[in-house]
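Here the structure is laid out as C-alpha coordinates; the discussion comes afterwards.
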Amino acid sequence: MSMIWMLAAPALADRVLWTTPPDDVSAAAVARTLPGSTSAPLDSLITGGTDTLQKGALLILQSELDQVRPLASVFDGELQIMARLSKATDDVDILRTEEERNVLRQALLFEGFAVQRYFQDKLGSESAASPYRTMEGPDAWISPWLDACALLAAPTKVRPEDIPEASVRLAFDAAQAHCQAMPGATFILGELAAGAEVRIDGVKIEGGPGIRVRLMPGRHFFHVAVGDTFLLAQDARIKPGSDVLVSAPFGPSELAELKGRVASGADGWEVPIAARTPITGFGEPVYIATPAGDKTALLRVDGTVATAVKIRPSDSETRPRLVGRATLGAGWVSTGDFLLQNLEDGATQDRYTVNAGTPAASLGVAVESKWWSAGVGIDGQLTVGENHSLPTGDTDTAAFLYPHVSAGLPWAQLTIGPMFPWYLGVGARARIPIWKPVELFASGVYGVPLSRPREEGEPVFEPLPLFSAWGGVTVRVGR
(Lines give C-alpha, C1' and ligand atoms only; values in the text may rest on other atoms or scores of the structure.)
Protein backbone atom coordinates (compact mmCIF):
# COMPACT_ATOMS: atom_id res chain seq x y z
CA MET A 1 0.00 0.00 0.00
CA SER A 2 1.07 3.62 -0.45
CA MET A 3 0.43 6.81 1.49
CA ILE A 4 1.11 10.28 0.12
CA TRP A 5 1.63 13.25 2.41
CA MET A 6 1.79 16.65 0.82
CA LEU A 7 0.27 20.10 1.11
CA ALA A 8 -3.43 19.50 0.88
CA ALA A 9 -6.73 20.67 2.32
CA PRO A 10 -10.30 19.38 2.33
CA ALA A 11 -12.35 20.12 -0.75
CA LEU A 12 -13.81 23.59 -0.51
CA ALA A 13 -15.86 26.02 -2.52
CA ASP A 14 -13.97 28.56 -4.62
CA ARG A 15 -10.81 29.46 -2.72
CA VAL A 16 -9.47 33.01 -3.11
CA LEU A 17 -5.83 33.64 -2.24
CA TRP A 18 -5.05 37.34 -1.68
CA THR A 19 -1.65 38.77 -2.55
CA THR A 20 -2.12 41.38 0.21
CA PRO A 21 -4.89 41.81 2.80
CA PRO A 22 -8.01 43.12 0.99
CA ASP A 23 -9.88 46.27 1.92
CA ASP A 24 -13.67 46.12 2.31
CA VAL A 25 -14.38 47.25 -1.27
CA SER A 26 -11.99 44.69 -2.76
CA ALA A 27 -13.40 41.89 -0.62
CA ALA A 28 -16.95 42.87 -1.64
CA ALA A 29 -15.97 42.91 -5.32
CA VAL A 30 -14.68 39.34 -5.13
CA ALA A 31 -17.60 38.18 -2.97
CA ARG A 32 -20.17 39.25 -5.56
CA THR A 33 -18.08 37.69 -8.35
CA LEU A 34 -17.54 34.41 -6.48
CA PRO A 35 -20.44 34.01 -4.02
CA GLY A 36 -19.70 31.63 -1.18
CA SER A 37 -15.95 31.66 -1.76
CA THR A 38 -13.45 31.40 1.07
CA SER A 39 -10.37 33.57 1.47
CA ALA A 40 -6.80 33.04 2.64
CA PRO A 41 -3.46 34.82 2.18
CA LEU A 42 -1.41 33.72 -0.83
CA ASP A 43 1.43 33.12 1.63
CA SER A 44 -0.63 30.34 3.22
CA LEU A 45 0.41 28.10 0.31
CA ILE A 46 3.74 27.56 2.07
CA THR A 47 2.57 27.15 5.66
CA GLY A 48 1.24 23.61 5.56
CA GLY A 49 0.88 22.12 9.03
CA THR A 50 1.96 25.20 10.98
CA ASP A 51 -1.50 25.81 12.40
CA THR A 52 -1.16 22.65 14.52
CA LEU A 53 2.40 23.17 15.70
CA GLN A 54 2.60 23.56 19.46
CA LYS A 55 6.09 24.74 20.22
CA GLY A 56 5.57 24.47 23.99
CA ALA A 57 4.47 20.83 23.98
CA LEU A 58 7.99 19.48 24.51
CA LEU A 59 8.61 21.88 27.39
CA ILE A 60 5.40 20.76 29.06
CA LEU A 61 6.27 17.12 28.46
CA GLN A 62 9.70 17.54 30.05
CA SER A 63 8.13 19.29 33.03
CA GLU A 64 5.50 16.55 33.45
CA LEU A 65 8.14 13.85 33.22
CA ASP A 66 10.26 15.49 35.93
CA GLN A 67 7.23 15.85 38.18
CA VAL A 68 5.89 12.29 37.86
CA ARG A 69 9.18 10.41 38.34
CA PRO A 70 8.87 10.55 42.17
CA LEU A 71 5.38 9.05 41.91
CA ALA A 72 6.94 5.67 41.13
CA SER A 73 7.44 5.29 44.87
CA VAL A 74 3.91 6.43 45.80
CA PHE A 75 1.05 3.94 46.30
CA ASP A 76 -0.90 3.70 43.03
CA GLY A 77 1.27 6.49 41.69
CA GLU A 78 1.29 4.58 38.40
CA LEU A 79 -2.24 5.83 37.67
CA GLN A 80 -1.12 9.47 37.81
CA ILE A 81 1.99 8.70 35.77
CA MET A 82 -0.05 7.06 33.01
CA ALA A 83 -2.73 9.75 32.91
CA ARG A 84 -0.37 12.72 32.90
CA LEU A 85 2.23 11.34 30.47
CA SER A 86 -0.42 9.99 28.11
CA LYS A 87 -1.85 13.49 27.70
CA ALA A 88 1.55 15.17 27.45
CA THR A 89 2.90 12.74 24.83
CA ASP A 90 -0.30 12.96 22.75
CA ASP A 91 0.08 16.75 22.63
CA VAL A 92 3.46 16.50 20.91
CA ASP A 93 3.01 16.95 17.16
CA ILE A 94 6.50 17.77 15.94
CA LEU A 95 10.07 16.81 16.76
CA ARG A 96 12.59 19.37 15.57
CA THR A 97 15.78 17.77 16.89
CA GLU A 98 17.13 14.44 18.09
CA GLU A 99 17.19 15.89 21.62
CA GLU A 100 13.43 16.44 21.44
CA ARG A 101 13.03 12.87 20.18
CA ASN A 102 14.93 11.62 23.21
CA VAL A 103 12.68 13.56 25.59
CA LEU A 104 9.63 11.96 24.02
CA ARG A 105 11.23 8.51 24.12
CA GLN A 106 12.08 8.85 27.81
CA ALA A 107 8.49 9.88 28.62
CA LEU A 108 7.09 6.95 26.63
CA LEU A 109 9.42 4.50 28.37
CA PHE A 110 8.45 5.78 31.81
CA GLU A 111 4.75 5.76 30.94
CA GLY A 112 5.10 2.17 29.72
CA PHE A 113 6.90 1.28 32.93
CA ALA A 114 3.90 2.52 34.93
CA VAL A 115 1.50 0.57 32.69
CA GLN A 116 3.47 -2.69 33.07
CA ARG A 117 3.92 -2.40 36.81
CA TYR A 118 0.27 -1.57 37.45
CA PHE A 119 -1.49 -4.04 35.13
CA GLN A 120 1.19 -6.75 34.75
CA ASP A 121 -0.42 -9.94 33.37
CA LYS A 122 -3.86 -8.29 33.26
CA LEU A 123 -2.78 -5.86 30.52
CA GLY A 124 -4.78 -7.65 27.82
CA SER A 125 -7.96 -8.11 29.86
CA GLU A 126 -8.47 -5.10 32.14
CA SER A 127 -10.79 -2.50 30.56
CA ALA A 128 -8.86 0.26 32.33
CA ALA A 129 -5.78 -0.78 30.36
CA SER A 130 -7.39 -0.31 26.93
CA PRO A 131 -6.05 3.25 26.39
CA TYR A 132 -2.53 1.98 26.95
CA ARG A 133 -2.45 -1.26 24.97
CA THR A 134 -2.31 -2.43 21.37
CA MET A 135 -4.45 -5.52 20.67
CA GLU A 136 -6.05 -7.56 23.47
CA GLY A 137 -5.68 -10.75 25.43
CA PRO A 138 -2.35 -12.55 25.32
CA ASP A 139 -1.39 -10.61 22.17
CA ALA A 140 -1.59 -7.25 23.93
CA TRP A 141 1.44 -4.96 23.94
CA ILE A 142 2.08 -1.70 25.79
CA SER A 143 1.40 1.10 23.30
CA PRO A 144 3.84 3.71 24.75
CA TRP A 145 6.67 1.17 24.45
CA LEU A 146 5.79 0.40 20.83
CA ASP A 147 5.85 4.13 20.09
CA ALA A 148 9.20 4.52 21.81
CA CYS A 149 10.70 1.65 19.80
CA ALA A 150 9.40 3.05 16.50
CA LEU A 151 11.22 6.40 16.76
CA LEU A 152 13.89 6.64 14.08
CA ALA A 153 17.48 6.10 15.25
CA ALA A 154 16.43 6.15 18.91
CA PRO A 155 18.95 4.79 21.43
CA THR A 156 18.53 1.09 22.05
CA LYS A 157 19.83 1.15 25.61
CA VAL A 158 17.41 1.94 28.44
CA ARG A 159 18.45 4.20 31.29
CA PRO A 160 17.56 3.00 34.80
CA GLU A 161 15.61 6.17 35.52
CA ASP A 162 13.36 5.50 32.52
CA ILE A 163 12.52 1.91 33.54
CA PRO A 164 13.64 1.65 37.17
CA GLU A 165 12.97 -2.08 37.72
CA ALA A 166 14.98 -4.85 36.08
CA SER A 167 11.97 -7.16 35.69
CA VAL A 168 10.09 -4.44 33.86
CA ARG A 169 13.10 -3.85 31.61
CA LEU A 170 12.86 -7.49 30.55
CA ALA A 171 9.26 -6.88 29.51
CA PHE A 172 10.40 -3.88 27.47
CA ASP A 173 13.07 -5.97 25.76
CA ALA A 174 10.30 -8.31 24.60
CA ALA A 175 8.30 -5.37 23.24
CA GLN A 176 11.37 -4.08 21.44
CA ALA A 177 12.01 -7.48 19.87
CA HIS A 178 8.36 -7.57 18.75
CA CYS A 179 8.78 -4.21 16.96
CA GLN A 180 11.97 -5.29 15.27
CA ALA A 181 10.28 -8.42 13.96
CA MET A 182 7.43 -6.52 12.29
CA PRO A 183 7.60 -5.72 8.56
CA GLY A 184 9.26 -2.35 8.18
CA ALA A 185 7.98 0.82 6.52
CA THR A 186 9.71 3.15 4.09
CA PHE A 187 9.79 6.92 3.77
CA ILE A 188 10.53 8.13 0.25
CA LEU A 189 11.53 11.73 -0.44
CA GLY A 190 9.64 13.31 -3.32
CA GLU A 191 10.02 16.74 -4.90
CA LEU A 192 11.13 19.39 -2.42
CA ALA A 193 11.21 23.17 -2.45
CA ALA A 194 14.49 25.01 -2.91
CA GLY A 195 16.46 24.96 0.35
CA ALA A 196 14.10 22.49 2.05
CA GLU A 197 15.23 20.28 4.94
CA VAL A 198 13.46 17.02 5.87
CA ARG A 199 13.44 15.60 9.39
CA ILE A 200 11.89 12.35 10.57
CA ASP A 201 11.50 12.03 14.35
CA GLY A 202 13.94 14.93 14.69
CA VAL A 203 16.61 13.25 12.55
CA LYS A 204 17.78 15.25 9.53
CA ILE A 205 17.54 13.22 6.32
CA GLU A 206 20.42 13.85 3.95
CA GLY A 207 19.90 13.71 0.18
CA GLY A 208 17.20 14.71 -2.24
CA PRO A 209 14.29 13.23 -4.15
CA GLY A 210 14.32 9.44 -4.33
CA ILE A 211 16.08 8.87 -1.01
CA ARG A 212 14.49 5.96 0.90
CA VAL A 213 14.52 5.73 4.70
CA ARG A 214 13.71 2.41 6.39
CA LEU A 215 12.06 2.53 9.81
CA MET A 216 9.86 0.55 12.18
CA PRO A 217 6.10 0.92 11.79
CA GLY A 218 4.31 3.01 14.40
CA ARG A 219 3.99 6.66 15.36
CA HIS A 220 6.33 8.98 13.49
CA PHE A 221 6.84 12.72 13.22
CA PHE A 222 8.11 14.22 10.01
CA HIS A 223 8.31 17.70 8.59
CA VAL A 224 9.74 19.71 5.70
CA ALA A 225 10.98 23.23 6.39
CA VAL A 226 12.88 26.04 4.71
CA GLY A 227 14.56 27.88 7.53
CA ASP A 228 11.83 28.65 10.08
CA THR A 229 9.03 28.17 7.55
CA PHE A 230 7.31 24.81 7.80
CA LEU A 231 6.01 23.56 4.47
CA LEU A 232 4.69 20.28 5.83
CA ALA A 233 4.37 18.75 9.29
CA GLN A 234 2.73 15.44 10.14
CA ASP A 235 2.27 13.24 13.20
CA ALA A 236 1.12 9.90 11.80
CA ARG A 237 0.90 6.23 12.56
CA ILE A 238 2.60 4.29 9.79
CA LYS A 239 1.43 0.73 9.14
CA PRO A 240 3.80 -2.22 8.63
CA GLY A 241 4.91 -2.63 5.02
CA SER A 242 3.70 0.80 3.91
CA ASP A 243 5.51 3.37 1.75
CA VAL A 244 5.19 7.05 2.63
CA LEU A 245 6.00 9.67 -0.02
CA VAL A 246 7.01 12.99 1.51
CA SER A 247 6.64 15.79 -1.03
CA ALA A 248 6.62 19.57 -0.51
CA PRO A 249 7.81 21.27 -3.71
CA PHE A 250 6.46 24.75 -2.95
CA GLY A 251 8.42 27.05 -0.66
CA PRO A 252 9.46 30.70 -0.29
CA SER A 253 11.46 30.78 -3.54
CA GLU A 254 8.62 29.22 -5.50
CA LEU A 255 6.16 31.62 -3.87
CA ALA A 256 8.29 34.58 -4.97
CA GLU A 257 8.21 33.27 -8.55
CA LEU A 258 4.42 32.90 -8.43
CA LYS A 259 4.00 36.41 -7.01
CA GLY A 260 6.14 37.79 -9.82
CA ARG A 261 3.87 36.28 -12.46
CA VAL A 262 0.76 37.57 -10.69
CA ALA A 263 2.25 41.07 -10.42
CA SER A 264 3.03 41.14 -14.15
CA GLY A 265 -0.65 41.75 -14.86
CA ALA A 266 -0.49 39.34 -17.81
CA ASP A 267 -3.27 36.92 -18.74
CA GLY A 268 -2.92 33.29 -19.78
CA TRP A 269 0.46 32.60 -18.18
CA GLU A 270 1.53 29.09 -17.24
CA VAL A 271 1.28 28.20 -13.55
CA PRO A 272 4.73 27.12 -12.27
CA ILE A 273 4.93 23.37 -11.80
CA ALA A 274 5.86 23.67 -8.12
CA ALA A 275 2.79 25.81 -7.43
CA ARG A 276 0.41 23.25 -8.92
CA THR A 277 0.84 20.86 -5.99
CA PRO A 278 -0.63 23.10 -3.26
CA ILE A 279 -3.15 24.69 -5.65
CA THR A 280 -4.61 21.45 -6.95
CA GLY A 281 -4.60 20.10 -3.40
CA PHE A 282 -7.63 22.24 -2.57
CA GLY A 283 -9.77 20.09 -4.88
CA GLU A 284 -11.74 23.11 -6.12
CA PRO A 285 -11.07 26.09 -8.40
CA VAL A 286 -8.49 28.43 -6.90
CA TYR A 287 -8.26 32.16 -7.57
CA ILE A 288 -5.55 34.72 -6.85
CA ALA A 289 -6.77 38.24 -6.13
CA THR A 290 -4.84 41.51 -6.05
CA PRO A 291 -6.91 44.11 -4.18
CA ALA A 292 -7.77 47.32 -6.03
CA GLY A 293 -11.34 48.11 -4.98
CA ASP A 294 -13.89 47.55 -7.73
CA LYS A 295 -10.96 47.06 -10.13
CA THR A 296 -9.51 44.15 -8.17
CA ALA A 297 -7.52 41.82 -10.42
CA LEU A 298 -8.75 38.22 -10.23
CA LEU A 299 -7.03 35.18 -11.77
CA ARG A 300 -8.33 31.62 -11.91
CA VAL A 301 -5.45 29.16 -11.46
CA ASP A 302 -7.04 25.76 -10.88
CA GLY A 303 -5.41 24.33 -14.01
CA THR A 304 -2.01 24.76 -15.60
CA VAL A 305 -2.84 28.24 -16.92
CA ALA A 306 -3.84 31.41 -15.06
CA THR A 307 -6.71 33.24 -16.73
CA ALA A 308 -8.20 36.61 -15.85
CA VAL A 309 -11.73 36.72 -14.44
CA LYS A 310 -13.85 39.85 -14.87
CA ILE A 311 -15.11 41.38 -11.64
CA ARG A 312 -18.90 41.53 -11.50
CA PRO A 313 -20.09 45.14 -11.28
CA SER A 314 -21.76 46.27 -8.09
CA ASP A 315 -25.47 47.04 -7.90
CA SER A 316 -24.57 50.73 -7.72
CA GLU A 317 -22.82 50.40 -11.08
CA THR A 318 -25.66 48.58 -12.80
CA ARG A 319 -28.58 50.50 -11.25
CA PRO A 320 -29.79 53.38 -13.47
CA ARG A 321 -28.88 56.86 -12.26
CA LEU A 322 -29.69 60.41 -13.26
CA VAL A 323 -26.53 62.01 -14.62
CA GLY A 324 -25.96 65.65 -15.56
CA ARG A 325 -23.25 66.96 -17.84
CA ALA A 326 -21.89 70.38 -18.79
CA THR A 327 -19.46 70.72 -21.70
CA LEU A 328 -17.32 73.50 -23.14
CA GLY A 329 -15.37 73.23 -26.33
CA ALA A 330 -14.91 74.40 -29.90
CA GLY A 331 -15.67 73.12 -33.35
CA TRP A 332 -16.83 73.76 -36.90
CA VAL A 333 -20.03 74.47 -38.85
CA SER A 334 -20.32 74.26 -42.64
CA THR A 335 -23.18 75.09 -45.01
CA GLY A 336 -23.42 76.52 -48.52
CA ASP A 337 -26.02 79.00 -47.26
CA PHE A 338 -23.21 81.04 -45.69
CA LEU A 339 -22.34 81.95 -49.29
CA LEU A 340 -25.80 82.11 -50.85
CA GLN A 341 -27.45 84.13 -48.08
CA ASN A 342 -24.61 86.63 -47.82
CA LEU A 343 -23.80 87.36 -51.47
CA GLU A 344 -25.32 90.82 -51.25
CA ASP A 345 -23.07 91.52 -48.28
CA GLY A 346 -19.96 90.69 -50.29
CA ALA A 347 -19.46 87.00 -49.49
CA THR A 348 -16.81 85.50 -51.73
CA GLN A 349 -17.00 82.07 -53.28
CA ASP A 350 -14.28 80.18 -51.41
CA ARG A 351 -13.94 77.54 -48.69
CA TYR A 352 -13.49 80.11 -45.95
CA THR A 353 -16.97 81.43 -46.55
CA VAL A 354 -18.77 78.08 -46.21
CA ASN A 355 -16.76 76.91 -43.16
CA ALA A 356 -16.89 78.59 -39.79
CA GLY A 357 -15.10 78.03 -36.51
CA THR A 358 -17.23 78.01 -33.38
CA PRO A 359 -17.01 78.06 -29.63
CA ALA A 360 -19.47 75.48 -28.34
CA ALA A 361 -21.26 74.43 -25.19
CA SER A 362 -23.72 71.78 -24.07
CA LEU A 363 -26.00 71.00 -21.15
CA GLY A 364 -27.73 67.66 -20.74
CA VAL A 365 -29.22 65.11 -18.41
CA ALA A 366 -29.52 61.36 -18.92
CA VAL A 367 -30.66 58.24 -17.17
CA GLU A 368 -27.73 55.81 -17.32
CA SER A 369 -26.82 52.31 -16.25
CA LYS A 370 -23.56 50.51 -16.87
CA TRP A 371 -24.74 49.47 -20.32
CA TRP A 372 -27.22 52.06 -21.66
CA SER A 373 -28.05 55.74 -21.63
CA ALA A 374 -31.09 57.84 -22.59
CA GLY A 375 -31.32 61.59 -22.17
CA VAL A 376 -32.12 65.09 -23.37
CA GLY A 377 -29.90 68.10 -23.85
CA ILE A 378 -29.15 71.22 -25.77
CA ASP A 379 -25.98 72.05 -27.69
CA GLY A 380 -25.03 75.48 -28.93
CA GLN A 381 -22.43 76.65 -31.42
CA LEU A 382 -21.70 80.26 -32.18
CA THR A 383 -20.13 80.96 -35.55
CA VAL A 384 -17.44 83.59 -35.73
CA GLY A 385 -16.06 85.38 -38.72
CA GLU A 386 -17.47 87.49 -41.54
CA ASN A 387 -20.51 86.19 -43.49
CA HIS A 388 -21.03 83.27 -41.09
CA SER A 389 -24.59 84.11 -40.06
CA LEU A 390 -27.97 83.28 -41.57
CA PRO A 391 -31.00 85.52 -41.93
CA THR A 392 -34.02 84.75 -39.75
CA GLY A 393 -36.82 87.20 -40.43
CA ASP A 394 -35.58 90.72 -39.93
CA THR A 395 -32.40 89.67 -38.17
CA ASP A 396 -29.39 87.45 -38.66
CA THR A 397 -28.29 84.66 -36.37
CA ALA A 398 -24.85 83.19 -35.72
CA ALA A 399 -26.18 80.81 -33.06
CA PHE A 400 -26.93 77.23 -33.97
CA LEU A 401 -28.93 75.61 -31.19
CA TYR A 402 -29.55 71.88 -31.11
CA PRO A 403 -32.08 70.63 -28.55
CA HIS A 404 -32.10 66.89 -28.85
CA VAL A 405 -32.82 63.49 -27.37
CA SER A 406 -30.08 60.86 -27.15
CA ALA A 407 -29.94 57.11 -26.73
CA GLY A 408 -27.26 54.44 -26.81
CA LEU A 409 -24.37 53.24 -24.72
CA PRO A 410 -23.03 55.34 -21.82
CA TRP A 411 -19.99 56.27 -23.89
CA ALA A 412 -21.61 56.62 -27.35
CA GLN A 413 -25.12 57.74 -28.37
CA LEU A 414 -27.18 58.75 -31.37
CA THR A 415 -29.01 62.08 -31.22
CA ILE A 416 -31.94 63.64 -33.00
CA GLY A 417 -33.76 66.95 -32.63
CA PRO A 418 -34.49 70.31 -34.29
CA MET A 419 -31.41 72.34 -35.15
CA PHE A 420 -32.13 76.02 -35.43
CA PRO A 421 -32.63 77.93 -37.51
CA TRP A 422 -34.10 75.43 -40.06
CA TYR A 423 -32.73 71.89 -39.82
CA LEU A 424 -33.49 68.48 -38.38
CA GLY A 425 -30.28 67.46 -36.62
CA VAL A 426 -29.25 63.80 -36.76
CA GLY A 427 -25.98 63.07 -35.06
CA ALA A 428 -23.72 60.95 -32.91
CA ARG A 429 -21.55 61.69 -29.92
CA ALA A 430 -18.97 59.94 -27.81
CA ARG A 431 -17.21 60.54 -24.52
CA ILE A 432 -14.17 59.06 -22.79
CA PRO A 433 -13.62 59.34 -19.01
CA ILE A 434 -10.18 60.73 -18.27
CA TRP A 435 -10.13 61.59 -14.56
CA LYS A 436 -12.88 61.21 -12.00
CA PRO A 437 -15.87 63.31 -13.25
CA VAL A 438 -13.95 64.77 -16.23
CA GLU A 439 -14.54 63.38 -19.73
CA LEU A 440 -13.39 64.10 -23.26
CA PHE A 441 -16.31 64.78 -25.60
CA ALA A 442 -16.85 64.75 -29.39
CA SER A 443 -20.01 65.33 -31.42
CA GLY A 444 -21.01 65.38 -35.07
CA VAL A 445 -24.41 66.44 -36.48
CA TYR A 446 -25.84 66.42 -39.96
CA GLY A 447 -28.44 69.16 -40.38
CA VAL A 448 -31.19 67.87 -42.68
CA PRO A 449 -32.59 71.00 -44.38
CA LEU A 450 -36.28 71.75 -43.80
CA SER A 451 -38.25 73.76 -46.36
CA ARG A 452 -39.49 77.11 -45.11
CA PRO A 453 -42.55 78.89 -46.53
CA ARG A 454 -42.19 82.54 -47.46
CA GLU A 455 -44.62 85.35 -47.93
CA GLU A 456 -47.52 84.71 -50.26
CA GLY A 457 -46.43 84.61 -53.85
CA GLU A 458 -42.77 83.89 -53.08
CA PRO A 459 -41.18 80.46 -53.62
CA VAL A 460 -40.58 78.14 -50.69
CA PHE A 461 -37.13 78.55 -49.14
CA GLU A 462 -35.05 75.42 -49.63
CA PRO A 463 -31.96 75.62 -47.40
CA LEU A 464 -28.81 73.67 -48.06
CA PRO A 465 -27.59 70.93 -45.64
CA LEU A 466 -25.48 71.83 -42.64
CA PHE A 467 -22.56 69.91 -41.15
CA SER A 468 -21.43 70.39 -37.59
CA ALA A 469 -18.67 68.88 -35.45
CA TRP A 470 -17.10 69.89 -32.20
CA GLY A 471 -15.24 68.54 -29.19
CA GLY A 472 -14.52 69.61 -25.66
CA VAL A 473 -14.25 68.73 -21.99
CA THR A 474 -17.23 67.56 -19.95
CA VAL A 475 -17.81 67.68 -16.22
CA ARG A 476 -20.15 64.94 -15.04
CA VAL A 477 -22.43 65.07 -12.00
CA GLY A 478 -24.27 62.07 -10.54
CA ARG A 479 -22.00 59.07 -11.33
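For reference, positions follow the sequence shown, starting with 1. Predicted model, so just to flag it, every value in this text is computed and none were measured.
Atom CZ of R431 is separated from atom CG of L409 by 11.0 Å, given to the nearest 0.5 angstrom. Atoms OH and CZ, from Y287 and R300 in turn, are 4.0 Å apart once rounded to the nearest 0.5 Å. Expressed to the nearest 0.5 Å, how far OG1 of T156 lies from CD of Q180 amounts to 8.5 Å. Atoms CG and CD1, on L17 and I288 in that order, are 6.0 Å from each other to the nearest 0.5 Å. Once rounded to the nearest 0.5 Å, the distance linking CD of E136 with OG of S125 reads 9.5 Å. Here the CD1-CZ distance, from I434 to F441, works out to 13.5 Å after rounding to the nearest 0.5 Å.
Between the D235 side chain and the D93 main chain, no donor and acceptor come within less than 3.5 Å of each other. Judged by distance alone, with hydrogens and angles left aside, the side-chain atoms of D23 form a donor-acceptor pair with the main-chain N or O of V25 at under 3.5 Å. Using modelled atom types, no side-chain atom of T186 and backbone atom of D243 make a donor-acceptor pair closer than 3.5 Å. No donor-acceptor pair under 3.5 Å is formed between the side chain of S86 and the backbone N or O of A83. Listed for the S63 side chain is no donor-acceptor partner under 3.5 Å among the backbone atoms of I60. Distance alone, capped at 3.5 Å, places no donor-acceptor pair between the S373 side chain and the G408 backbone. For the pair D162 (side chain) and F110 (backbone), a donor-acceptor distance under 3.5 Å is absent. Remark: the backbone N or O of I311 is not paired with any side-chain donor or acceptor of R32 at under 3.5 angstrom. Put simply, the side chain of R101 gets close to the backbone of A153: a donor and an acceptor are under 3.5 Å apart.
Within a 6.0 Å sphere centred on CD of E64, other residues, nucleotides and ligands contribute more than 12 heavy atoms. Within a 6.0 Å sphere centred on CD1 of I273, heavy atoms belonging to other residues, nucleotides or ligands number 12 at most. Other residues, nucleotides and ligands contribute only 12 or fewer heavy atoms inside 6.0 Å of the CD1 atom of I432.
Of all the heavy atoms in A428 and T415, the pair that sits closest is N-OG1, 4.0 Å. Closest heavy-atom contact between A469 and Q381: O-NE2, 3.8 Å. For P410 against S369, the heavy-atom pair with the smallest separation is CG-O, 3.4 Å. When every heavy atom of L363 is checked against every heavy atom of A326, the shortest pair comes out as CD2-CB, 3.7 Å. Closest approach of L258 and P272 over heavy atoms only: CD1-CD, 4.1 Å. A pairwise comparison of heavy atoms in S247 and L232 identifies O-CD2, 4.1 Å as the closest pair.
The ring-ring contact (aromatic ring centres under 6.0 Å, His included) with W145 is formed by just one residue from the set Y132, F172, F113; it is F172. Checking each of L231, L255, L45 against P278 for a side chain to side chain contact (heavy atoms under 4.5 Å, CB included) leaves exactly one that passes, namely L45.
Electrostatic pairing of R476 and E439 counts as a salt bridge here, judged by a charged N lying under 4.0 Å from a carboxylate O. With salt bridges taken as basic N to acidic carboxylate O contacts below 4.0 Å, none links E100 and R199. Between R15 and D302 no salt bridge is recorded (no basic side-chain N to carboxylate O distance below 4.0 Å). A salt bridge between K259 and D43 is present, with a side-chain N of the basic residue lying under 4.0 Å from a carboxylate O of the acidic one.
When side chains are defined from C-beta on, L151 counts as touching L95, because their heavy atoms get closer than 4.5 Å. A heavy-atom distance below 4.5 Å is not found between the side chains of L65 and E111. Counting heavy atoms from C-beta on, the side chains of F221 and L104 come closer than 4.5 Å. V68 places none of its side-chain heavy atoms less than 4.5 Å from the side chain of Q80. Here the side chains of V376 and V365 are in contact, with some heavy-atom distance below 4.5 Å. Inter-residue side-chain proximity for V198 and V213 is flagged as unmet; no heavy-atom pair is nearer than 4.5 Å. Using a 4.5 Å heavy-atom threshold, the side chains of V262 and W269 count as touching. Side-chain contact check for K239 versus P217: every heavy-atom pair is 4.5 Å or farther apart.
Remark: the S443 side chain and the Y402 side chain contain no N/O donor-acceptor pair separated by less than 3.5 Å. In this model, no donor atom of one side chain and acceptor atom of the other lie less than 3.5 Å apart for R133 and S143. For the residue pair Q62 / D66, a side-chain donor-acceptor distance below 3.5 Å is found, with atom types taken as modelled. Counting only N and O atoms by type, the side chains of Q413 and S406 include no donor and acceptor under 3.5 Å apart.
Among residues two or more places apart in sequence or in another chain, the side-chain contact (heavy atoms from CB on, under 4.5 Å) test is passed with A308 by D267, L299. Judged as a side-chain hydrogen bond (donor to acceptor under 3.5 Å, both in side chains), and not counting sequence neighbours, the contacts of S362 are D379. The salt bridge (charged side-chain N to carboxylate O under 4.0 Å, His left out) check on R105 picks up nothing, with sequence neighbours excluded.
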Derivation of the side-chain contact (heavy atoms from CB on, under 4.5 Å) call for F119 and M82: CA-CA 11 Å; F119 292 106; M82 289 185 284; 3.8 Å; yes
K310 and T33: CA distance, side-chain angles, deciding distance, side-chain contact (heavy atoms from CB on, under 4.5 Å) verdict: CA-CA 8 Å; K310 189 174 183 179; T33 305; over 6 Å; no
Derivation and outcome, side-chain contact (heavy atoms from CB on, under 4.5 Å), residues V405 and I416: CA-CA 6 Å; V405 295; I416 188 170; 3.7 Å; yes
Chi angles and distances behind the salt bridge (charged side-chain N to carboxylate O under 4.0 Å, His left out) call for R69, E161: CA-CA 8 Å; R69 286 194 187 280; E161 57 264 39; over 6 Å; no
Residue pair D91, L61: steps toward the side-chain contact (heavy atoms from CB on, under 4.5 Å) verdict: CA-CA 9 Å; D91 286 345; L61 177 60; over 6 Å; no
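Using the six-membered ring where Trp is involved, F187 and H220 have ring planes that are perpendicular, over 60° apart on the 30 and 60° scheme. Ring planes of H178 and W141: parallel class, angle under 30° (limits at 30 and 60°).
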